[in-house]
Each structure stands twice: as C-alpha cells, then as structure tokens.
Asker: 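Attaching a single structure in structure tokens format; questions to follow.
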Amino acid sequence: MGSKLAEKKRKSRESDSDSDDELANGLFDGVLSQSEDEEDYIPSDDADEDEDVDDSGSEGTEGSEDNEEDDGILSDDIPSDVDEEEEMNKLVKQQGELEITEPGVDPKPKEDVDEEGKNYRIERDANGGLRYVYDEIDPVYDSDDTDAQGPVNTIGNIPLSFYDSYPHIGYDINGKKIMRPATGDALQSLLDSIEVPKGWTGLTDVNTGNPLNLSQEELELVRRVQMGLLPDDLQDPYPDTVEWFTSKEEKMPLSSAPEPKRRFIPSKNEAKQIMKLVRAIREGRILPYKPPEEREREEEEKEEAHFDLWQNEEPQAPNPMHIPAPKLPPPGYDLSYNPPEEYLPTKEEREAWENADPEEREKEYLPQKYNALRKVPAYGSLVKERFERCMDLYLAPRVRKNRLNIDPNSLLPKLPSPSELKPFPTVVQTIFRGHEGRVRSVAIDPTGVALATGGDDGTVRVWELLTGRQVWSVKLSSDEPVNTVRWRPTKDSFILAAAAGEDIFLMVPTHASVTPALDQASREILAAGFGYATNGQQQALPAGKEPPAKWARPGTKLEDEGVLIRITVRATVKVINWHRRGDHFATVSPTGQRSSVAIHTLSKHLTQIPFRKLSGLAQTAAFHPLRPLFFVATQRTIRCYDLQKLELVKVVQPGAKWISSFDIHPGGDNLIVGSYDKRLLWHDLDLSNRPYKTMRFHGEAIRQVRYHKGGLPLFADASDDGTLQIFHGKVPNDQLENPTIVPVKMLKGHKVVSKLGVLDIDWHPREPWCVSAGADGTARLWM
Amino acid sequence: MGKIKKRGQAGQAKNYITRTQAIKKLQISLPDFRKLCIWKGIYPREPRNRKKVSKSATASTTFYYTKDIQYLLHEPLLQKFREQKVLEKKISRALGRGDVSDAARLERNAAHPEKTGKPRYTLNHVIRERYPTFIDALRDLDDCLSMLFLFANLPSTTAVPAKMIARCERLCLEFQHYLIVSHSLRKSFLSIKGIYYQANIQGEDILWLVPYKFNQRIVGDIDFRIMGTFVEFYMTLLGFVNYRLYTSVGLKYPPKFDQLKDDQGAELGAFSLEGANLATNGETKAITNGEAEHGPDPKVQAQVDKLVQQLRDESNGEKADDESPAGEADGEDKPSDAIDKFEPVAPGGDVLPQPSDSSSDPSQLFSKFTFYLSRETPRQPLEFILRAFGCKRIGWDSVLGEGAFTTDESDPSITHQIVDRPVVRAAMSGEGDGEDNQTAQKLGPNHRYPGRVYVQPQWVWDSVNDEELKSPELYAPGAALPPHLSPFVKPTQGQYDPTIPLEEQQTEGEAIEAELEDANQEGEGSEVENDMDVASEVEDEEEEEGEDGDFGGFSEEEEYEEEESEEAEESATLQRQRELEAEISGKSVPGNNKKVDAKTKAKLEAKKALERKKRQEAEDLERAKGMLSKKKRKLFEQMQYTNNKKSAEDMKLQQKRRRLEKEKKA
C-alpha cells in the first residue's frame, strides 16, 4: 500500500509543474487573456478592442466597472501571487484537492483554444457568455511551437541559486512566474530513495530544478556510450568483408602470352641471397636459434672463461706518478673478540666514545670481550666500512708523504757533554771601577797580569787583573775619548798602544810585574825608530804631500807618565791591531776615507797606507795570526790581502748589513764576524765565502767578537743588550770535519746605558777568563 | 720582451683537469666515468696549489691528471659505454613511442653481440694493464678478497643480484681450495669485525677479512652500484688469479663443481679438484674426505688407530716431542734434494742463516687428527682453517651441511671435538676428579666420549698462530679462555706488549713508582712525587720558552742541587721533630715506622736519583735541540709528539693492567 501511495505522490509531483501552469492559466484566465490581448496582439486587433472598450465605455459604466474590476485584479497581481503560492502549497499537501482540480483544468484550455482567432470557434459557455474555442495546434515539424510543452528554463545563463529565496524560477513567455517544483519533505525523500521508480536517477535537472528521470531507452543509450559501443543498436560494426575482385572467378585469361622461361629456371637473385646467408652461417655471423636460457648460460660460461693472463708477463717499471693505494692496517690486540682485559675501555672511556660524534671518534669501534666464540655478534658497520674503503680507493686523492721512520734522536747533533765543554767563564770575579763615563776598550797584557782600559774620560788606566786595583793612569786627552787600547803582543816588552781622537799613543805603563830591565827594553824598542824615521820619510815623500802620519814625542808631561810616542793620523782612530811579532800594527779610522787603514812600523816609525781606494767604509782590520795576510772589513765584506804579493786573496761575504768586528781563529782557517744587525757569523775560510753558521742569540747589535787565543776552544761576543755570550767553538784537526759550535754561557751583569751595553771584550792569554768593558763605566773580569 | 703569458695556459693548470672537464672531454656520463675510473684505477690528485690549478672562480673539489684522462680517451671500454648509451636511447625511444615490441626486439638483439646490440665487454685487458705481472696482482689482492668474501655473505637484493653473490662465493671457495692445497695460509685472527686471514702466496703477504656468517646489516647510505663496479672488477681479477694459482700447483681450473652438493650446503666440499693433465694421472684429487669414499680401508684404519694410540699417549701427560714422523729419522742417509745443514767446524767463521727445514711443518699441524665439530661451532671457518693446516678428516653434525667426514659423533676415530657450549652442571657432583675428560663425562646432558680432546674453537686459532699445538686444558669447554691476541702485531722495542709480564717491560722509574704505590705510602711520598712532577713540567715549559732565540745556559743544575739538599734537611728536621715528640710523650720512637721509612727511603732515593738523571737527559735534549735548524727542530718535535702519544697510550694500558693485576691479587 505504502509503495503505491508513494508512487502516486511521485506521479502527482511529476505532474506538478504542468498542473501548476495549467492551474495558473486556469485561475487567472481572464487576466491572462486580457493581458495577452493588451500586449501581444497585433495593433489592429488592439484598435478594435479599444474601440470595443470605448464602445462599452460609451455604452455604460458597467463595462468600465468591469474594466475597473479587471484593473483591480491586475493591480492585485502580487497578492494573487501569494494566493497562488498558498494554493500551490495546499495542492502539494492535499492530493485530494489536486485530484479535484485536475478535471477542472482540462476543459479550460480547450475553451481558450477554441476562442482563439480564425482557427477558433465561438461557443457559449455555461453562463451563456461567448466563448472562443481554438483549434488544437498540431505540432508539426514546421511549427514554431517546438518547445511549447514542458517548462523551459527562461532564466538565462545565471546560477539557479539566485532564485533560492523565491518560490519561482524565472518567468515564462507570458511574464508569469514559473513556479519551483515542489520538493518533498524529508520523509518523502526518504521514501523516494527506498522505492526507486523507473528511470529515477536521483539527480536534479540543473535548469529546472526538477528531478531528472531517464527513460529506459535513454538509459540504454547512456550504457552503450559508456561501454564504448555504437550508440545505435541497428548498425553492425563488423560486417563481413566482401572480396570485391576475387570473389568471382573470371573465366577468360587476361593475356594469351605464353608463360615466360624465367618461371621455370631457378632465380639467380634468390641464389645470391641464399649464398649470403650460407656464408654468414659458415662464418658464424648467424647462429642457430637457441632458447634464451640456454643462450644465457652459454654466454656466462664464455664470460667466465679463464686463461693464463700473465703468460708472457714482463715487469714494467712502475709509473713514477702512480701511487698505489695504501693497505689497511692489520688488526691490533684491541680488535680481538677476546682481548687482554687492559684493552677494554673503562666506563668513562666508553661513555666518552658513545657521546662523541661518530666522525670525531679516534677508533670506530669499541673493544669488546666475549667469553665464547658463539657469543660474537655480527659487526654492524662492516658493509659501511667496506663501502668507505671503496670510496677511498676511487675518490680520495693520494699524496705521497715521506714519513721518516727513524729514531728522532738521530736527528740531534752529537754534542760534547757539558763537562767536556768546561772550562768557561761563568761568574763575575772583579769589577773595575774608576772610569767616568763609558769604558771603551779593554786589553789584558800578554803575561796576563795587567789590564788596560780606555774610556770616555780620555784616560788610559792599568789595573791589577785579579785584584782590580788601579796601578797606573794617564789622561791622554781632555776632550776626546780613548777609543781603543791594545798591548804589544810580545812578552819581551810592556808596551801599550792607545788611540784617542786622531792620536795614537805608545806608552810603557808602570806595573808591579814590570822589572826595570823590561821597562828599559820597552823604552828602547820605542826609541829605536826615531833616527830611522826621519831619514826614511823625508826621502820617500815628495815635498808637497802631507805624510800619512806624524811620529813625535808627546811632550814632557806625558813622557814623564810613560807615554813615549804620539802618532797623529788624519782621522779618528777606532781600531788598533798588532801584528803577532809586535813590529807592525794596523789602525783603522773609518772616517778617514782614503787613508782609513794605516799600517805602522814601530821599528822604523813609518806609516804606510796600503789601500789607495777601498770599496766601502773600513770598519776594522787585522793581521792573520800565522801567514802574511791582512784582513780588512768594510761594512758588508771582509777582504783578505796577501801582504807579500800585494794582491787580493779572498772576499768573505758574511751577509751581514754592517759588520762591527771580526776575529780570526788562532788556527787561521776560521773567522767570526759580529755585526750591528745582531748576528754572529762563523766562517770557515776553506769552505766557502758564506757563513758556516749564523747565530742570532742577541737582542741588540754585537759590538765585539773575540777568540780565546791561549788554546781553549772558546769565543765570546759582546752586545748592546748588556750581555756577553760564551761559545764553545772547537775546530777539529781533521780538515774534513766541521767545527762544533755550542753556546755555553750567557753572562749578564753590565747595565745598559743609553742603549749601549758591552763595548769590548778580551780574553786572558791562558786562562778561561775574559774581561769586558761596559757602557756603565765598569770593566768586569769573568772567570 | 717575451710574450705575456695567459693564466691557465701552462704549468700546473695544464697538468690538472677537474672532474667536470674530464667528463666533458670523454663525453660520457658521470656513472660511466666512475666505472671507468674504478676499473682503470684512476684516482684524483691533490694539486700543490689549488688556486693555480683551477681555472674557474668557483672552487673545484676533484682534480685528475690530464695525462690520466688522455689515457682514458683510448680505452676500448669507452666505446662500449657509448654503444650502450646509444642502445639505451633506442630502447627508451621505442618505449616512448609505445612500441613495446620494438623495444623488446632491441633488447633481445642486445643479447646478440653479433647483431648491433648490447656491447659485451670484458675486463681482461684492464687487469693485464693494471697488473703487468702476477705479483702485482697478488699485491693488490687484499681489498679484492675482503670485498668478495663480504659479497659472498650478503643477501641478494635488486642492487646485488643473486648471480653475483653466487659467483663471488664460488670464487672465494676456489681460492680457499688453493690455500688448502698449497698450505699457504699463515695466520688467522678472530676479531669483532670478522675473521682475518693471512696467506703468503709467492712471497706476498695477503690479509683479508671474512665476516661472520650472519645477515649483514646495511646501514647508512651505501651505494651498491659503486660496490658492484668494484666487485665486477674483483671477480674478473680473482678468476684469473685463481686460474694462475691452480695451474701453478698442477690443478685444473675451474674445478668440478657439484651443484647438488652445494645445494645441500657442502660449500668447500662441493668442489673436486682435478689434475691439470687428466690423461696422465686421471684420478681426482678429492680434497674432501677421501676416507668417506673408500670407507673401511684396513690400511687407513690401522693408521688411524695408530694415530689415536699416539694421541692418547700424548694426552696422558708426556708432551712428547715426537711430532715428527718416525720415518724421517730413518731416512737421514738417503740422498735428498733438501738443503744440507752446515755446521761450523772451527770457531771464528761467520754464521750464515739457512732456511730451516724443521720437522714440525706448521702446515701439517693438524694432519694427524680427526676433528668433530659440534653443532654450535662455526663450520665454514673451522673447516677451512683445519684443512689449510693439514687436517684431512673433519666430521660435523649433519645440521651443519653436507661434506662431512662423518656425521656420527660417536665415531671412534675422532680425536678432537670442538665444542662451544656452556657446561651444564649435573645435579650430582660427586668426588672432584682432576682429569678433565673424566669430569667432562659427568657434566650434564653433554655426553663426553673418552679418549677425545674437547676444546673450544679458539684453540685452533691460537695453535695456528703460534704454530704449535696449545695445551687443550686451557681451552677446555667452560674454561675461561686466555686472551686471543692478534698475530699481526709486530712487537716493537719500547711498546707495550700484553704477552710479556708487566715487570719486564716497565722502565726503572715506573717499577719504583709501582712499588711505592704498592707499599701504600702515606701521603708524603706521593706528594713529594707530585711536586717533583710539577717542577719538572714547569722546567720543561721554561726551556721551551727559552728555545725561541736565546739559550739559557746550565744554571738550573745548582738550583736542583739546592732543592734536594733542602729536602734532605727537611726530612732530617722531620725526624728530629718526631723524636722530640716521642720524648715528650714518653714513648720510644716507633721503630716499625722507622723500618718502613728506611725501606721507602731507599726507594725514594732511587727515585730521586732517577729523576735527576731524567732531568739531566731532558736538559741535554734541550741543548741539542737548540743546535738544530728550525726545519729539523720542527720535524723532531713532530716525531716526538707522535711518539709521546703512542707512549701515553701504552702507559694507559700498563696502568690498567697493573690495576687489574692488583685486583686479582686482592
């Protein structure tokens, strides 16, 4: 029953739209017809009508009243709409009513149609009024009225949602609202979904809002389209082919020519093709078919075929640029599955390892101990390690690094032990005070008992070496400092040479050790040249030229003190160096330009200037201790001259910027050079012009360097930083061995006064003692 | 005036080429280039000056020698790569067109080298190029073997096809067979990473690592394509090496391979070696247990019985030295091609070393025994190592696979059984019998056969490494094993060696220190020591500072002397103080204390002397260092640094050992 009822309801809804329109038509029939009359009909009719109206108007008020009534109804258009809606709702809700109205609807259009134009007939209605009955319109092909039936979408291309708040959707051709199809309430839609009518799709027609139902044929069509079949069932998509030409056998031949010979003899071309194949097969270019598995197997075997690859091997010299990959280190004790227990990490080590970044770990594993082989697990990162090794092999740049696999101690030089190096001076023994201002120069006499010093105060003082007592003093100059003092190096005399300004003084100081005989001998040596000098000089020099030096007696006052000779040269003398025999001494006055180096002969009171020209400022000069050689140091180089042949023998280039002093080893083959640029350089004269060792242990300029002349392998330098450095410098007897140089002592004690420290040093002739002259006005004996 | 030189036209810039440039020059893809480099053994170089070398503004990372790349240009493989690329392009184009059949045809053709298809390449020529002589190849075999043994144990994946794994395994087993036949395995080591083996082939030491038989964990991003390229090369290499090795010992290569046996897990047993000239000897040299085939041969049985008897005698306690077969002693007079021993007749001549022809050949270490491997032992390594050292008869439980001499545990010919299971103590613990084998019988469910030596696997390895049979008591089941030591570590002078007792390798100072610690000194001694340490450190620093330019002389000595004298005074005053206190309190000076004092005093004195000496040495060193040139000094310091680091590690180990020993004592 229920289903039937639902069906009915659905039917009624289907017919809703139709009935609505019809209803509307029916209900407002008059209005409709009138409006149609007024608006749509042709003017001629209109005029007629107007006339009629006029007529009626002129006839009486009734007609006008009618009109008014009509107007009123017209004006009530909207309320009527409301009514209409209500009515419609009612209709939807109450089917009974619907059913009632339906029969009532049907006749009305008929009446309407009947009433229309020529194709109408006029009848009388029930009230006796005129009634136009129109002919039925036959919707033939030509008829315009193709879409007359059925509600159409008239709203145009606008969304349906615009009408959501209205009961209608658009307007029909007559300007009437096209009512929205009624939607069932929830229950109804539920029922609908349960009982599906034929063709029900559940969709809504977008245009009209009606439920979209499809007929059986339409569904079939959709299905066929979906399946990709022809939409029409009628055609056969695969008709049998009709063999157009060969289906019929022709009786007559096309040509009557006899069959050619070539049909009977074998083809040459084919034979050629076949031979080609045969050849290919013979040559093995074409192989007989084999199933793929078999073929694969065979190929594999072929691939794995091995032979002696190194049958005729010939070793090649390895490419020098090729670096073979280093092998992985062999496993150590800690990699054992059962290592000695000391290899196991402690708790802290384990934690440290675990907390460390994997890349920062020193080892990528932790030593582990398992008490049985069966407990050893797989090593987690084995594949990874192998992979990394692969990456290293092909991606890591290889660099050959020479690792010295030697004991580092073999690099160290073999040094004599400190006990072997002794003796050398270590402490200050005596301080000689007395000079005002700097002490410029010191010298110990050849016997080793007396010390001579010269200072800024222009005095030369002689001291008892061990006690530090001053025994003799003479003031040579009031304004010029005594730049240098040097003893005559022979023991048969007691002669001191000192230079103050441009004057060189030779003196015989009084000292406890000087016996009268010695004193007498010394005085004789000095006096011996007087007669000789005058003769010689006057002969040698032309009258116009000034002699290089004047030898004279210094005056009675000084002569009383013991100063016996004064030699005046052209420029300030800075350096005096005696020849080993004591007959000659060289002086250097750096400012003296051409006459900067002079050689004085004591026995002849003769002064010679050996160099006409010197390249650079002469700094110092010295005689070779054994051979007749003479060394002159300019700022950069030291030149060695042969005094007999009068030629240049050697140029030593220490590489220093400004040489301050040098000294020749008593053996005669080595040389030390001190420079103002803080360097101390050892030269092996046989070896090279360049220094053998460069020592830079001083913070300030080096003023003086000095070898020990009494057989001890020592040398020392004095620097402006107030220190003396004592070196052990042993020159081996063997020519092939290199000298050993060991720094042994740094003697500190002198104060630095206005950036000057130690100005001069001298060694004791026998003992490992040395004396230094300081800018602080003292001289010190170190032992 | 010369032409102005442009940058990058000569010199280093021309000698090096970046990777991108190289690829462009060779016109191949990066993966192909990688393959080529791996096979041809071309590796990047580190230029002396990167800036001079790189032509572009951006820093390149990888440089190759231009010559190397030029050399690659003529490589025949390069052409193959290009052909392969062309083919791939064709196939992909066909697939793009949707023409599957065409693609399939191309692919199929590819398998046909005679038609223009897939380029078939072999690496033979590359191997010959890279290793002009066989020795060169042997020298480079370490990585090859490690890699192939690893791959033989990998699970098959798409990146590692099963075929490759199977081939690796075959090659490895063939190589192992050679080692067994030639007795060239020397050493082996059980590490946590796997088992290291060292063989000596034609004078070349080859060391490789075999992982334990577990499924390998693959962690991190590992590119198996790269590994695969290496493996491809190594497989070819090992194939040729195997061929050469087999032919060198008169065997045919490849050996006969029994697929059926292999499927049953026979591994080594799946191969049967044949002589090279089959016509002459014909018989197959079955490395695998020949006895199993001609089973109850009375001769063999008699021999075995004799051996068993011998072994029993041995195990009964006489460690007889008659390991040499009796026949050798008899055969002295027979003429042989062995080297004669030269004995000096008269004293005074130089001793010339001769290769020892000792009777105890390590390669025949296990030749007289029959082994039985229990279920829980690793069969493959044990089988390999036992066979390599002369063992002919190895039996194992049938679950371990095919190829055993016997699977019957109760076989009476078995002399040694290798077990690796915990000892389950039976509830009944009767009279304690010292004899190991007898107690073993009573131990739980593990039934023990009398007359058989039960050992743990480590016994085999330790015996092999020491080239002598170790005492089996130490390795009895359930016993705490002695540490397993790496045979590859060469003991060097002054380095820590765990095999030597601690006392023998510590220096005098360390010994004294240890003793002092042992004596449990009161805080004073150690304090003094600490102070001294600090002092010496400070001194070190000072000296280092002094190094820079000037030297310091030897003035420190006196200070130390003073210090020491002060110390002596201090101790004297302390002693007096104590005496005074004792007097006041009315007790005698505690003699006990004094005795200890005297003892420790001597030690302290020794220590002091030692320290003085040390200081002296340090001083000398500093002095000598002062005389070195700057370059040499730096070198020296670097060496010193590494040495110190090593010795620090050694010290740590020694300390740990000392502590452990003390704990053991306590």
Asker: Which bit of B:Glu661 is near chain A, if near means a heavy-atom gap under 4.5 Å: side chain, backbone, both or neither?
Answerer: neither
Asker: Ignoring hydrogens and geometry, is there a side-chain-to-backbone donor-acceptor pair from A:Asp308 to B:Tyr243 under 3.5 Å?
Answerer: no
Asker: What part of B:Phe636 lies closer than 4.5 angstrom to a heavy atom of chain A: side chain, backbone, both or neither?
Answerer: both
Asker: How many angstroms lie between CG in A:Asp334 and CD1 in B:Ile192, if you round to the nearest 0.5 Å?
Answerer: 8.0 Å
Asker: Going through the distances and angles, do B:Phe224 and A:Val383 end up as a side-chain contact (heavy atoms from CB on, under 4.5 Å)?
Answerer: CA-CA 10 Å; B:Phe224 273 100; A:Val383 182; 4.2 Å; yes
Asker: In terms of heavy-atom pairs under 4.5 Å with chain B, which of A:Lys693, A:Met321, A:Glu341 leads?
Answerer: A:Met321
Asker: Is it the case that over 12 heavy atoms from other parts of the model lie below 6.0 angstrom from the CD atom of A:Glu294?
Answerer: yes
Asker: Given the options B:Gln458, B:Lys632, B:Gln456, which has more heavy-atom pairs under 4.5 Å with chain A than any of the others?
Answerer: B:Gln458
Asker: Nearest 0.5 Å, what's the OH-NE2 distance between A:Tyr337 and B:His484?
Answerer: 6.5 Å
Asker: Would you check if B:Leu190 and A:Asn338 make a side-chain contact, meaning some heavy-atom pair closer than 4.5 Å?
Answerer: no
Asker: If you compare all heavy atoms of B:Pro132 against all heavy atoms of A:Glu314, which two are closest, and at what distance to 0.1 Å?
Answerer: CB-O, 4.0 Å
Asker: Any side-chain heavy atom of A:Tyr379 within less than 4.5 Å of one from B:Gln216?
Answerer: no
Asker: Heavy-atom distances under 4.5 Å only: say whether B:Asp205 touches chain A with side chain, backbone, both or neither.
Answerer: backbone
Asker: Does any heavy atom of chain B fall under 4.5 Å from the side chain of A:Asp721, the backbone, both, or neither of them?
Answerer: neither
Asker: Taking all atoms of both residues into account, what is the closest heavy-atom pair of B:Pro498 and A:Pro340, and its distance?
Answerer: CB-CG, 3.8 Å
Asker: Measuring from atom OG1 of B:Thr247 to atom NE2 of A:His306, what distance do you get when rounded to the nearest 0.5 angstrom?
Answerer: 12.0 Å
Asker: Which of parallel (below 30°), tilted (30 to 60°) and perpendicular (above 60°) describes A:Phe307 and B:Phe240?
Answerer: perpendicular
Asker: Between B:Cys37, B:Gly41, B:Ser146, B:Pro457, who has the most heavy-atom pairs with chain A when the cutoff is under 4.5 Å?
Answerer: B:Ser146
Asker: Select one option (side chain, backbone, both, neither) describing which atoms of A:Thr426 are under 4.5 Å from chain B's heavy atoms.
Answerer: neither
Asker: What part of A:Arg374 gets within 4.5 angstrom of chain B, counting heavy atoms only: side chain, backbone, both, or neither?
Answerer: both
Asker: Who among A:Pro367, A:Pro329, A:Pro339, A:Ala396 has the most heavy-atom pairs with chain B under 4.5 Å?
Answerer: A:Ala396
Asker: Looking at B:Phe488, B:Phe63, B:Tyr196, which one has more heavy-atom pairs under 4.5 Å with chain A than the rest?
Answerer: B:Tyr196
Asker: Indicate the atoms forming the closest heavy-atom contact of A:Glu364 with B:Lys193, along with that distance.
Answerer: OE2-NZ, 4.0 Å
Asker: Assess whether atom CZ of B:Arg375 is packed by more than 12 heavy atoms of other residues, nucleotides or ligands within 6.0 Å.
Answerer: no
Asker: How long is the span from the CG atom in B:Leu209 to the CG atom in A:Leu328, to the nearest 0.5 Å?
Answerer: 9.5 Å
Asker: Which atom names give the shortest non-hydrogen contact between A:Pro315 and B:Thr133, and what distance separates them?
Answerer: CA-CG2, 3.4 Å
Asker: State whether the number of non-hydrogen atoms from other residues, nucleotides or ligands found under 6.0 Å of A:Asn319 atom CG is greater than 12.
Answerer: yes
Asker: Just how far is it from atom CZ of B:Phe189 to atom OH of A:Tyr333, taken to the nearest 0.5 Å?
Answerer: 9.5 Å
Asker: Can you tell which of B:Glu46, B:Met147, B:His125, B:Met227 has the highest number of heavy-atom pairs within less than 4.5 Å of chain A?
Answerer: B:Met227
Asker: Between B:Arg244 and A:Glu313, is a side-chain contact (heavy atoms from CB on, under 4.5 Å) present by the stated rule, with each step listed?
Answerer: CA-CA 12 Å; B:Arg244 172 95 179 193; A:Glu313 62 184 7; 3.7 Å; yes
Asker: I'd like to know whether A:His322 forms a side-chain contact (heavy atoms from CB on, under 4.5 Å) with B:Tyr43, so could you lay out the CA-CA distance, the side-chain angles of the two residues, the decisive distance to 0.1 Å, and finally the verdict.
Answerer: CA-CA 10 Å; A:His322 178 71; B:Tyr43 50 88; 3.8 Å; yes
Asker: Should we count NZ of A:Lys369 as having more than 12 external heavy atoms under 6.0 Å?
Answerer: yes
Asker: What is the distance from atom CD1 of B:Ile418 to atom CG of A:Leu373, rounded to the nearest 0.5 Å?
Answerer: 10.5 Å
Asker: Taking every non-hydrogen pair under 4.5 Å, which of A:Gln316, A:Gln368, A:Arg398 racks up the most with chain B?
Answerer: A:Arg398
Asker: Walk me through whether B:Leu481 and A:Tyr370 qualify under side-chain contact (heavy atoms from CB on, under 4.5 Å).
Answerer: CA-CA 10 Å; B:Leu481 292 167; A:Tyr370 303 97; over 6 Å; no
Asker: Would you mind reporting whether A:Tyr394 and B:Thr229 have side-chain heavy atoms less than 4.5 Å apart?
Answerer: no
Asker: Identify which part of B:Lys163 has an atom lying under 4.5 Å from any heavy atom of chain A, answering side chain, backbone, both or neither.
Answerer: side chain
Asker: Assess whether atom CZ of B:Phe214 is packed by more than 12 heavy atoms of other residues, nucleotides or ligands within 6.0 Å.
Answerer: yes
Asker: Which one wins on heavy-atom pair count under 4.5 Å against chain B: A:Ser336, A:Pro318, A:Pro330?
Answerer: A:Ser336
Asker: Sort A:Val376 into side chain, backbone, both or neither according to what part of it lies under 4.5 angstrom from a heavy atom of chain B.
Answerer: both
Asker: What's the shortest heavy-atom distance between A:Glu342 and B:Leu653, and which atoms?
Answerer: O-CD2, 3.3 Å
Asker: Do NZ/NE/NH1/NH2 and the carboxylate oxygens of B:Lys652 and A:Glu349 come within less than 4.0 Å?
Answerer: yes
Asker: Looking at A:Lys327 and B:Asp143, is any side-chain nitrogen of the basic one under 4.0 Å from a carboxylate oxygen of the acidic one?
Answerer: no
Asker: How close do B:Ile226 and A:Met391 get, counting heavy atoms only, and between which atoms?
Answerer: CD1-SD, 3.7 Å
Asker: With respect to chain A, which residue among B:Tyr64, B:Tyr496, B:Tyr212, B:Phe151 yields the maximal number of heavy-atom pairs within a distance under 4.5 Å?
Answerer: B:Tyr496
Asker: Side chain, backbone, both or neither: which part of A:Asn371 has a non-hydrogen atom closer than 4.5 Å to chain B?
Answerer: backbone
Asker: Under a 4.5 Å heavy-atom cut-off, does chain B meet the side chain of A:Tyr343, its backbone, both or neither?
Answerer: both
Asker: Is B:Lys656 atom NZ crowded by more than 12 heavy atoms from other residues, nucleotides or ligands, each under 6.0 Å away?
Answerer: yes
Asker: Taking side chain as everything from C-beta outward and backbone as N, CA, C, O, which of these in A:Ile323 sits under 4.5 Å from a heavy atom of chain B? Side chain, backbone, both or neither.
Answerer: both
Asker: Taking every heavy-atom pair that is under 4.5 Å apart, which of B:Leu621, B:Val489, B:Asp420 has the most such pairs with chain A?
Answerer: B:Asp420
Asker: Report which part of B:Asp140 has an atom under 4.5 Å of a heavy atom belonging to chain A: side chain, backbone, both, or neither.
Answerer: neither
Asker: What part of B:Tyr234 lies closer than 4.5 angstrom to a heavy atom of chain A: side chain, backbone, both or neither?
Answerer: side chain
Asker: Which region of A:Leu366, side chain (C-beta onward) or backbone (N, CA, C, O), has a non-hydrogen atom less than 4.5 Å from a non-hydrogen atom of chain B, or is it both or neither?
Answerer: backbone
Asker: Tell me, side chain or backbone of B:Pro482 under 4.5 Å from chain A's heavy atoms, or both, or neither?
Answerer: backbone
Asker: Counting only heavy atoms closer than 4.5 Å, note whether A:Glu385 contacts chain B via side chain, backbone, both or neither.
Answerer: side chain
